[in-house]
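Just so we're clear, the structure is a prediction, and the values are computed from it rather than from any experiment. First the proteins, then the strands, lettered A, B, ... as listed; each starts at 1.
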Amino acid sequence: MERPESREAIAELVQATERIEIAGAQTHGKLIPEDDKVTLIDMTAYRGITEYEPEEFVISAKAGTPLSEISAELKLHNQYLPFDPPDGSPDTTIGGVVATGWSGPGALRYGRLRDFILGVELLSGSARWIKGGGKVVKNAAGFDLPKLVVGSLGCFGIIGNITLKVFPSPVSTVTLRGEFNDFGSCYEGYRRVVRTGMTLDGCVIEPNGNLIIQLGGLKASLGKRAETIRQIMESETKTIEGSDEQQLWNTYRNAGPGFGSSGRCKVPILPSEILQWQAYFSTKPYRYFYDQAGSILVIDLDKNMEMNELERHLDETTRTALCTGMVGGPGLLGKLPDRVFIDRIRNALDPKGKFPDFNKRHVS
Amino acid sequence: MESFLEQLRILYPERRKYLDGEMLAAYESDALTAFRTRPQAVVLPESQDEVVATVRLCNEFEVPFVARGSGTSLSGGSLPIENGIVIALNRMNRIKAIYPEDRIAVVESGAINIKVSEAASEYGLYFAPDPSSQKVCTIGGNVAFNSGGAHCLKYGMTANHVLGATVVLPDGEVVEIGMDCLDRVGPDAMGFYCGNEGLFGVATEFRLRLLPQPESFQTVLAAYDSLEKAGDTVSQIVSRGLLPGAMEIMDRLAMDAAEAAVNAGYPTDAAAVLIVELDGESAAVEEEFKVLMEVIESSGQFNIRIAQSAAERAAIWKGRKSAFSAVGRLSPDFIVQDGVVPRGRLGEALKYIEELSGKYKLRVANVFHAGDGNLHPLILFDGRVEGELERAKAIAGEILQLCIDMGGSITGEHGIGMEKKEFMARMFSPDDIDAFNALHQAIDARKVSNRGKML
C-alpha cells in the first residue's frame with residue numbers, strides 16, 4: 001500500500017504503475033484489490049483545507065481531508081454541506097464522499113452532492129493532473145468534470161482537490177413523526193404533505209407506518225409551518241427537537257431504523273414506484289426505509305441476504321444500487337443505464353485501464 | 001458534397017429542408033451577431049429517426065453540423081460551421097408528459113423553456129432555470145450551454161434540473177444518459193453532458209426535474225447613489241444567512257436602456273438598483289422578509305419599492321429581463337459579456353470596468369447576478385465609426401482577463417462558443433485542454449458535432 005503526500009508523488013505513482021485502486025480511510029468497507037498486481041493507493045496523507053471563503057460560500061480541500069474536519073470548520077461560520085453526506089465515522093474522507101456520491105436525508109432541501117461540487121482536480125490514467133470547473137458558484141467554461149467524478153467510485157482516476165459550494169446553516173429545525181396505523185395510511189399522509197409543495201428539510205417513510213418530516217428555517221415561522229404539516233398528516237404526531245432530533249437524523253444519514261452494521265445500499269427510485277417496492281418487500285425479511293421524500297430506497301444489507309436475488313429484481317425494475325459497508329468497498333449492484341456513454345468517457349480518461357472498470361466496482 | 005446533399009435531400013420532404021435561397025439566411029447567425037456563416041443546408045427533423053439518419057450521414061461524409069434551437073446563443077453556439085449544415089430542432093418541441101407525483105417532465109429537445117413551466121403549472125409545478133430568453137429558448141439549448149438565469153444562487157443552473165436524456169452521439173449511436181430519477185448511483189454522466197456546447201451530438205429528449213411553485217414571493221427594488229452601496233447590501237444580506245431566490249443589480253446606463261425599451265419605471269436618479277426576491281412558503285417568507293428589510297433599510301438606499309401584487313412583481317422584473325435587448329436603444333452595436341468574479345470582489349471589478357470605459361472612451365452598461373458574482377457588462381459601440389469595434393473588443397478582452405486574474409470564470413452561463421475560444425488557454429492548462437480534447441475525441445472522432453466551438 002502506498003501513501004503519497006504530494007501531487008507529484010501521486011502522479012509519479014500512477015505513471016509508474018499499471019493497475020491502481022484508490023483508498024480513503026475505508027470507513028465504508030475494506031478495499032480488496034483484485035489481485036496482487038494492483039497497487040492500492042491510500043490518499044489519507046493528502047489532506048488539508050486549502051481555501052475557505054465563507055463570504056463566497058466556497059470551500060476547497062484535498063481529497064484525503066476528513067469530512068469531519070471540513071464540517072467543523074464550516075460550523076464555525078454557521079455554514080454547512082447541504083448535501084448532508086454520511087458522517088458516521090470521523091475518518092471518512094471528502095474524496096471518498098465524492099467518489100461514492102451518497103447524499104443524505106438533508107439533501108432534500110437544496111440538492112445533492114452533484115449540485116454543490118464546483119471544481120475538481122483529477123489525476124487520470126495519463127498521470128497528468130487535470131482541472132475542471134473552478135472556485136466560483138457559476139461557471140460554464142469547459143466540460144463539467146466536477147460533476148463527472150461524483151459517484152465515479154475511483155474508476156476515472158484519483159481525485160486530488162475538491163471545491164464545494166456551501167450554504168448558511170438552517171437557523172432552526174423541528175422534526176415531526178407521524179405515527180400511522182399502517183403503511184397504506186402513512187403513504188396517503190406522505191402524498192398529502194408532498195402535494196402541498198412545502199419546503200421540507202427531510203422526509204423519511206418507514207415501513208412500519210411512520211412518516212418523519214423535518215422543517216428548517218427562521219424560528220419565528222417554524223411553529224406555524226409545523227402546525228400546517230401536523231394538520232395535513234392527520235395522524236398521531238410527535239414533535240422531536242434538540243439532541244433527540246439530531247440523533248434521529250443521524251440514524252437515517254448513516255444507517256436506518258433497526259439496521260445492522262454490515263452495510264447498506266441506496267437505490268434511486270421514483271416516488272411512484274414505492275407501492276411496487278412494498279409488494280416486493282412483503283415477502284422478504286429486509287429492513288429498509290424510503291429517504292428524500294420517496295426518491296431513495298435504503299436497504300440494510302446483511303450476510304444472509306440473497307444478493308443475487310436482489311440484483312435480479314433490480315435488473316427487472318431497471319434500477320441500480322450502490323452498496324457500502326461491504327468487504328471490498330463501495331460498489332454497484334445492477335446495471336448502469338448509461339454504460340455505453342460512460343465507457344466512452346472512461347476510454348478517454350484512462351485508455352490503458354489503470355483504474356478499475358465499473359464492473360469491478362460491482363458487489364456480489 | 002454533391003453526393004452528401006443528394007442523400008440529405010432524400011431524407012426530408014420539401015417543407016422541411018432548405019438547400020438554397022433566402023431561408024438559409026435566417027440561420028446564418030445567432031444572438032452573437034458579429035459572426036455570420038451561411039450553411040449548406042438546414043433541415044428540420046420531426047423524429048428521432050430523422051435525427052439519427054441525418055447525423056449518420058454527416059458522420060459518413062464528415063460534414064459538420066450544428067443542432068439549433070431558437071438561436072438565442074450569446075456566444076455563437078448555434079452559428080453554422082463553414083460547409084456544414086444546421087439541424088433545426090424546432091419541430092421537435094413537444095412536451096410529451098408531466099408526471100406530477102414524481103415531479104418529472106418528459107420533453108423533446110426543441111421544447112420552449114417557458115412552455116415547460118406553463119404545462120407544469122397545472123400541477124402547481126414549474127421548471128426552475130429561467131434565462132432571460134426563456135420565452136423563446138429551447139431546453140436543448142439550455143442543456144447544451146447549461147443556461148443560468150436570475151435564480152442560480154439558490155436554484156442552480158440547468159444541469160441541476162435535468163435527470164436524463166436520449167442522445168444521438170455524433171457517430172449516430174443512440175444512448176441513454178442519466179437515471180431518470182432525482183438521484184443516481186455511478187458517475188453523473190448527465191451532469192457531464194450539460195454544457196457540452198453541442199459537441200456531444202444531438203439530444204432528442206430530456207427528462208426534467210420540476211419543483212413546486214413557491215407559495216409566495218417578496219420582491220423588493222432598492223435604489224442607491226452608488227454601485228458600491230448596492231454591492232455591499234448584497235454582502236450584508238448574505239451574511240445574515242438569507243438565501244434569496246434572486247439578487248440582481250443594474251447600473252444607470254442599463255436602467256436608461258430598460259426605460260427606453262419597456263418603460264421599466266426604475267428611479268431616474270439612481271446610480272444603481274438592487275432587486276432582491278425571496279420565495280417559498282408564505283410563513284417562511286414573511287419572517288425572512290423582516291430580516292431582509294432590516295438590512296435594506298439601513299443600507300444607504302434612498303428609495304425602496306416593494307411589489308404588492310403579481311403585476312408589480314412582473315413590472316420590477318420586466319426591465320431587468322429586457323436589459324440586453326434594451327441596450328439596442330442606446331447604441332447601434334454592443335458586446336455583452338458573461339464573466340464571473342468572487343462575489344466579494346464585485347465592487348472592485350465594477351470599478352475596474354469603469355476605468356476601462358474611461359480609458360477606451362466607450363460606454364459600458366452593467367447588469368449582473370449579484371448573488372453569484374456573474375457580471376454582464378454591455379460594451380456599447382458604433383461599428384460604423386472607425387476603431388470602435390477594436391476598442392470594444394479590447395475592453396472585452398481586459399474584462400475576461402480580470403475575471404481570470406480574480407480567480408473567477410470567463411463564462412458564467414453563456415458558454416465559450418465561438419466567442420471566447422482563445423481564452424480557454426488562459427483559464428485552463430495544456431494538460432486540462434488535452435483531457436478535454438481526449439474526451440471530445442472519444443465522443444466525436446470525426447469532429448462533426450458543432451466543429452470549431454469551445455475547443
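- Legend: residues meeting salt bridge (charged side-chain N to carboxylate O under 4.0 Å, His left out) with B:Glu413, ordered by chain and number and at least two apart, are A:Lys138.
- Heavy atoms only, all atoms of each residue included: A:Asp338 and B:Ala189 are closest at OD2-CB, 3.5 Å.
- A salt bridge does not link B:Asp188 with A:Arg112: none of the charged nitrogens is closer than 4.0 Å to a carboxylate oxygen.
- For a residue to count as touching a neighbouring chain, one of its non-hydrogen atoms must lie under 4.5 Å from one of that chain's; by this rule A:Ile296 touches chain B with the side chain only.
- Of all residues in residues 427-435 of chain B, those placing a non-hydrogen atom less than 4.5 angstrom from a non-hydrogen atom of chain A are B:Met427, B:Phe428, B:Asp431, B:Asp432, B:Ala435.
- Both the backbone and the side chain of B:Thr411 come within contact range of chain A, judged by heavy atoms closer than 4.5 Å.
- Heavy-atom pairs under 4.5 Å with chain B were tallied for A:Gly197, A:Pro337, A:Gly142, A:Ala321; the largest tally goes to A:Gly142.
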Could you check A:Phe57 against B:Leu153 for side-chain contact (heavy atoms from CB on, under 4.5 Å), going step by step and ending with a plain yes or no? CA-CA 10 Å; A:Phe57 288 159; B:Leu153 176 62; 4.2 Å; yes
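- The closest side-chain heavy-atom distance from A:Leu336 to B:Arg184 is below 4.5 Å.
- For the pair A:Ser272/B:Tyr99, no side-chain contact is recorded, criterion being any heavy-atom separation below 4.5 Å from C-beta on.
- Taking chain A as the reference chain and counting heavy-atom pairs below 4.5 Å, the highest number among B:Gly148, B:Ala159, B:Pro187, B:Gly407 is found for B:Pro187.
- The candidate from B:Ala283, B:Gly412, B:Gly191, B:Pro212 with the greatest count of non-hydrogen atom pairs under 4.5 Å with chain A is B:Gly412.
- Inter-residue side-chain proximity for A:Ile269 and B:Cys181 is flagged as unmet; no heavy-atom pair is nearer than 4.5 Å.
- For chain B, the nearby part of A:Arg191 is the side chain; its heavy atoms alone come within less than 4.5 Å.
- With a threshold of 4.5 angstrom between heavy atoms, A:Phe156 approaches chain B through side-chain atoms but not through N, CA, C or O.
- For a residue to count as touching a neighbouring chain, one of its non-hydrogen atoms must lie under 4.5 Å from one of that chain's; by this rule B:Asp180 touches chain A with the backbone only.
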Ring pair (Phe, Tyr, Trp, His ring centres under 6.0 Å) between A:Phe143 and B:Phe200, intermediate numbers included: CA-CA 11 Å; A:Phe143 296 138; B:Phe200 291 174; 4.9 Å; yes
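- Between chain B and the residues A:Ser152, A:Ala141, A:Pro168, the largest count of heavy-atom pairs under 4.5 Å involves A:Ala141.
- Only the backbone of B:Val341 comes within contact range of chain A, with heavy atoms under 4.5 Å apart.
- The contact between A:Leu148 and chain B is made by backbone and side chain atoms together, counting heavy-atom distances below 4.5 Å.
- Looking only at heavy-atom pairs under 4.5 Å with chain B, the residue among A:Glu55, A:Lys131, A:Arg195 that has the most is A:Lys131.
- Among the candidates A:Asn78, A:Leu153, A:Val194, A:Thr196, the residue making the largest number of heavy-atom pairs closer than 4.5 Å to chain B is A:Val194.
- Ranked by heavy-atom pairs under 4.5 Å with chain B, the list A:Lys165, A:Met198, A:Lys224 is led by A:Met198.
- With a 4.5 angstrom heavy-atom cutoff, B:Leu169 touches chain A only via side-chain atoms.
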With side-chain contact (heavy atoms from CB on, under 4.5 Å) as the test, would you mind laying out the steps for B:Leu439 and A:Arg344 before giving the verdict? CA-CA 8 Å; B:Leu439 287 160; A:Arg344 291 220 194 183; over 6 Å; no
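- With a 4.5 Å cut-off on side-chain heavy atoms, A:Lys147 and B:Cys194 do not count as touching.
- The most heavy-atom pairs under 4.5 Å with chain A, out of B:His414, B:His369, B:Lys420, come from B:His369.
- Every side-chain contact (heavy atoms from CB on, under 4.5 Å) that B:Ser121 has, sequence neighbours left out, goes to B:Gln213.
- Interface summary for chain A: among B:Ala442, B:Gly195, B:Gly156, the most heavy-atom pairs under 4.5 angstrom belong to B:Ala442.
- If you measure heavy-atom distances from A:Arg339 to chain B, you find no contacts under 4.5 Å at all.
- By the ring pair (Phe, Tyr, Trp, His ring centres under 6.0 Å) test, A:Tyr110 is found to be paired with A:Phe167, residues two or more places apart in sequence or in another chain being considered.
- In this structure, chain A has a heavy atom under 4.5 Å from the side chain of B:Asn374, while its backbone stays farther away.
- Per-residue heavy-atom pair counts under 4.5 Å with chain A were compared for B:Ala284, B:Gly371, B:Ala438, and the maximum is reached by B:Ala284.
- Residue B:Arg240: no heavy atom, backbone or side chain, is found under 4.5 Å from chain A.
- Summarising the local packing, NZ of A:Lys335 is surrounded by 12 or fewer heavy atoms from other residues, nucleotides or ligands at distances under 6.0 Å.
- B:Ile443 touches chain A through backbone and side chain together, each having a heavy atom under 4.5 Å away.
- Ranked by non-hydrogen atom pairs under 4.5 Å with chain B, the options A:Leu122, A:Thr228, A:Val136 are led by A:Val136.
- Side-chain N/O atoms of A:Ser295 and B:Asp183 include no donor and acceptor closer than 3.5 Å.
- Interface remark: A:Leu218 contributes side-chain atoms only to the contact with chain B (heavy atom separation under 4.5 Å).
- The part of B:Glu286 that comes within reach of chain A is its side chain, from C-beta onward, which places non-hydrogen atoms under 4.5 angstrom from that chain.
- Interface remark: A:Ala99 contributes no atoms to any contact with chain B (heavy atom separation under 4.5 Å).
- Contact annotation for B:Leu182: both backbone and side-chain heavy atoms come within less than 4.5 Å of a heavy atom of chain A.
- Looking at A:Leu145 and B:Phe436, their side chains come closer than 4.5 Å, going by heavy atoms from C-beta outward.
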Starting from the C-alpha separation in whole Å, work towards a yes-or-no answer on side-chain contact (heavy atoms from CB on, under 4.5 Å) for A:Arg114 and B:Asn160. CA-CA 8 Å; A:Arg114 45 99 72 188; B:Asn160 306 108; 4.2 Å; yes
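- Both the backbone and the side chain of A:Pro268 have a heavy atom closer than 4.5 Å to some heavy atom of chain B.
- When all heavy atoms of B:Gly186 and A:Leu332 are compared, the closest pair comes out as N-CD2, 4.1 Å.
- No part of A:Trp102 comes within reach of chain B, as not one of its non-hydrogen atoms sits under 4.5 angstrom from that chain.
- Minimum heavy-atom separation, B:Phe192 to A:Asp144: CD1-O, 3.6 Å.
- Proximity to chain B involves both the backbone and the side chain of A:Asp115, based on heavy atoms less than 4.5 angstrom apart.
- Chosen from B:Glu176, B:Arg343, B:Glu215, B:Met424, the residue pairing most often with chain A at heavy-atom distances under 4.5 Å is B:Arg343.
- Heavy-atom distances place both the backbone and the side chain of A:Asn139 under 4.5 Å from chain B.
- Contacts between B:Leu125 and chain A at a heavy-atom distance below 4.5 Å are absent for every atom of the residue.
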